[in-house]
Participant: 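I'd like to ask some things about the structure below.
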Amino acid sequence: MLIFVIGAAVILFVKPGYLVKKDSDSSGSDKKNTSVTSVSADEGEAVPVNDTSADESADGTDTTTTTAAPDTSPADTTTAATTEATTTTTTTEATTTTVTTTEAPPATTPSPADVAEKFSTYDRPEYSEFGWCVDGGSLVKSAPSGADVITDGEGFAGGWKGMIIHKPSDSIETDTHELVNMDIKVSGSSADLTIDWYWLSPGNKEGYNEESLDDKKVSGTINGGAINAADGNYKVNIDQFWMENGKEYAIGSIEVSGGFTSYLALVR
């Protein structure tokens, strides 16, 4: 604003944008009313930065319009990519299998005494059970080939079915046959024999029962696989014992007073 003083007159030159008027208050001081309007340019319009223009309003008030340049810088957009780590934990449970193996006890061979007890019998004999002791018309005098010969005295013990052929001859079928039961008791090397009479068939004659007769008992010793027992003039010799095809057999002889010898066969 320029002020020139010429004489008593005062000339005021007002710079555009300013209007001086007399305030109505009593002080008489001049005041400037300034109104500022901020206008933002629409997108795409060219507007001068910080360009200030003054328009005089109808009521004499300076109106200053300030147009701000649009912010044309690209928006600072930050995209945060968050990758969430996924941890998978796999737990493998160890399985322990306990296998219990029960070992079978070793196979044991039964004792001769156990075998003897198993085969022992006191059933009454029949003639049909003694076909084995005749081979081709001759009496069997020893164990057949391949048979299991019994030599332990404990294996002799127990009950047996027996047949006696008295004074055997070439005509065995017509000889006198006698069925008996025999019990053998063994104690160490000693043996006690009991003969229980059952049935007598005298040659071609009709047979008869002998169960009413007293049993005959003889005692003796075990010699290897044989038994030799006697009671006075009555002698019993069992020469051999054996097992074959699930049965046990024995053969021997009986000597009586008078000098004759009978054939003895045992089976069970």
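Please read these numbers as outputs of a predicted model, since none were measured by experiment.
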Participant: According to a hydrophobic-cluster definition based on side-chain heavy atoms being under 4.5 Å apart (Ile, Leu, Val, Met, Phe, Trp, Tyr only), do V218 and Y263 belong together?
Facilitator: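 No, it is not one cluster - the side chains of V218 and Y263 are not joined through contacts under 4.5 Å.
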Participant: Say whether D215 and T194, considering side chains only, have a donor N or O and an acceptor N or O under 3.5 Å apart.
Facilitator: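 No, because no side-chain N or O of D215 sits under 3.5 Å from a partner of the opposite role on T194.
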Participant: Might you point out which heavy atoms bring A250 and I238 nearest each other, and give the distance in Å?
Facilitator: CB-CG2, 4.0 Å
Participant: Checking side chain to side chain contact (heavy atoms under 4.5 Å, CB included) for the pair Y234/K216: CA distance, chi angles, key distance, verdict?
Facilitator: CA-CA 9 Å; Y234 198 95; K216 183 64 178 179; 3.7 Å; yes
Participant: Which pairs of donor and acceptor atoms, one on a side chain in residues 183-190, lie under 3.5 Å apart (sequence neighbours left out)?
Facilitator:
residue: D183; atom: OD1; partner: Y122; partner atom: OH; Å: 2.4
residue: D183; atom: OD2; partner: K185; partner atom: NZ; Å: 2.6

Participant: Which heavy atom in L264 sits nearest to a heavy atom in S253, and how many Å separate them?
Facilitator: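 L264 and S253 have their closest heavy atoms at CB-N, 3.9 Å.
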Participant: So how far is it from E255 CD to T261 OG1, rounded to the nearest 0.5 Å?
Facilitator: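 If I round to the nearest 0.5 Å, the distance is 4.0 Å.
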Participant: Is it the case that one hydrophobic cluster holds both W197 and I165, taking links as side-chain heavy atoms less than 4.5 Å apart, direct or via other members?
Facilitator: no
Participant: Are V236 and F130 joined in one hydrophobic group, where the rule is that I, L, V, M, F, W and Y side chains link up if heavy atoms are under 4.5 Å apart?
Facilitator: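 V236 and F130: separate clusters.
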Participant: Rounded to the nearest 0.5 Å, what separation is found between the OH atom of Y198 and the CE atom of M163?
Facilitator: 14.5 Å
Participant: Taking the six-membered ring of F119, is the NZ or CZ of K247 close enough (under 6.0 Å from the centre) and on axis enough (within 45°)?
Facilitator: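 That pair does not qualify as a cation-pi contact.
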Participant: Give the table of side-chain donor-acceptor pairs shorter than 3.5 Å for residues 131-156, with sequence neighbours excluded, one pair per line with atom names and distance.
Facilitator:
residue: W132; atom: NE1; partner: E129; partner atom: O; Å: 3.1
residue: D152; atom: OD1; partner: E154; partner atom: N; Å: 2.9

Participant: Does W160 have its ring centroid less than 6.0 Å away from the ring centroid of Y249?
Facilitator: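 That pair fails the under 6.0 Å test.
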Participant: Give a yes or no answer on whether the side chain of H166 reaches the backbone of I164 with a donor-acceptor pair at less than 3.5 Å.
Facilitator: no
Participant: When rounded to the nearest 0.5 angstrom, what distance separates CD in E244 from CH2 in W242?
Facilitator: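 One finds 8.0 Å between CD of E244 and CH2 of W242.
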Participant: Search all heavy atoms of P125 against all heavy atoms of L179 and return the closest pair with its distance.
Facilitator: O-CD1, 3.7 Å
Participant: As an exercise, state the distance from OG of S262 to CG of D175, rounded to the nearest 0.5 Å.
Facilitator: 9.5 Å
Participant: Above 12 or not: heavy atoms from other molecules or residues under 6.0 Å from CD of E117?
Facilitator: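 At most 12 heavy atoms, drawn from other residues, nucleotides or ligands, come within 6.0 Å of this atom.
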Participant: With distance as the sole test, does N237 use its side chain to make a donor-acceptor pair with the main-chain N or O of D239 at under 3.5 Å?
Facilitator: no
Participant: Kindly compute the distance separating CG (D123) from CZ (R268), expressed to the nearest 0.5 Å.
Facilitator: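 Interatomic distance, D123 CG to R268 CZ, rounded to 0.5 Å: 12.5 Å.
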Participant: In Å and rounded to the nearest 0.5 Å, what is the CE to CD1 distance from M182 to I195?
Facilitator: 4.0 Å
Participant: Which heavy atom in S120 sits nearest to a heavy atom in G159, and how many Å separate them?
Facilitator: OG-N, 2.7 Å
Participant: When you measure from the side chain of D231 to the backbone of S219, do you find a donor-acceptor pair of N or O atoms at a distance under 3.5 Å?
Facilitator: no
Participant: Do you know the tightest heavy-atom contact between L266 and G162?
Facilitator: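 Nearest heavy atoms, L266 then G162: CD2-CA, 3.7 Å.
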Participant: Tell me the closest heavy-atom pair linking N181 and R124, and the distance in Å.
Facilitator: OD1-NH1, 2.7 Å
Participant: Just wondering, are more than 12 heavy atoms of other shown residues or ligands nearer than 6.0 Å to NZ in K235?
Facilitator: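 Counting other residues, nucleotides and ligands, NZ of K235 stays at 12 neighbours or fewer.
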Participant: Does the side chain of S201 pick up a donor-acceptor pair with the side chain of Y127 at under 3.5 Å?
Facilitator: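 Present: a donor and an acceptor within the cut-off.
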Participant: Are any of the side-chain heavy atoms of E210 and L213 separated by less than 4.5 Å?
Facilitator: yes
Participant: Would I227 and L193 satisfy side chain to side chain contact (heavy atoms under 4.5 Å, CB included), going step by step from the backbone distance to the final call?
Facilitator: CA-CA 10 Å; I227 296 176; L193 282 60; 3.9 Å; yes
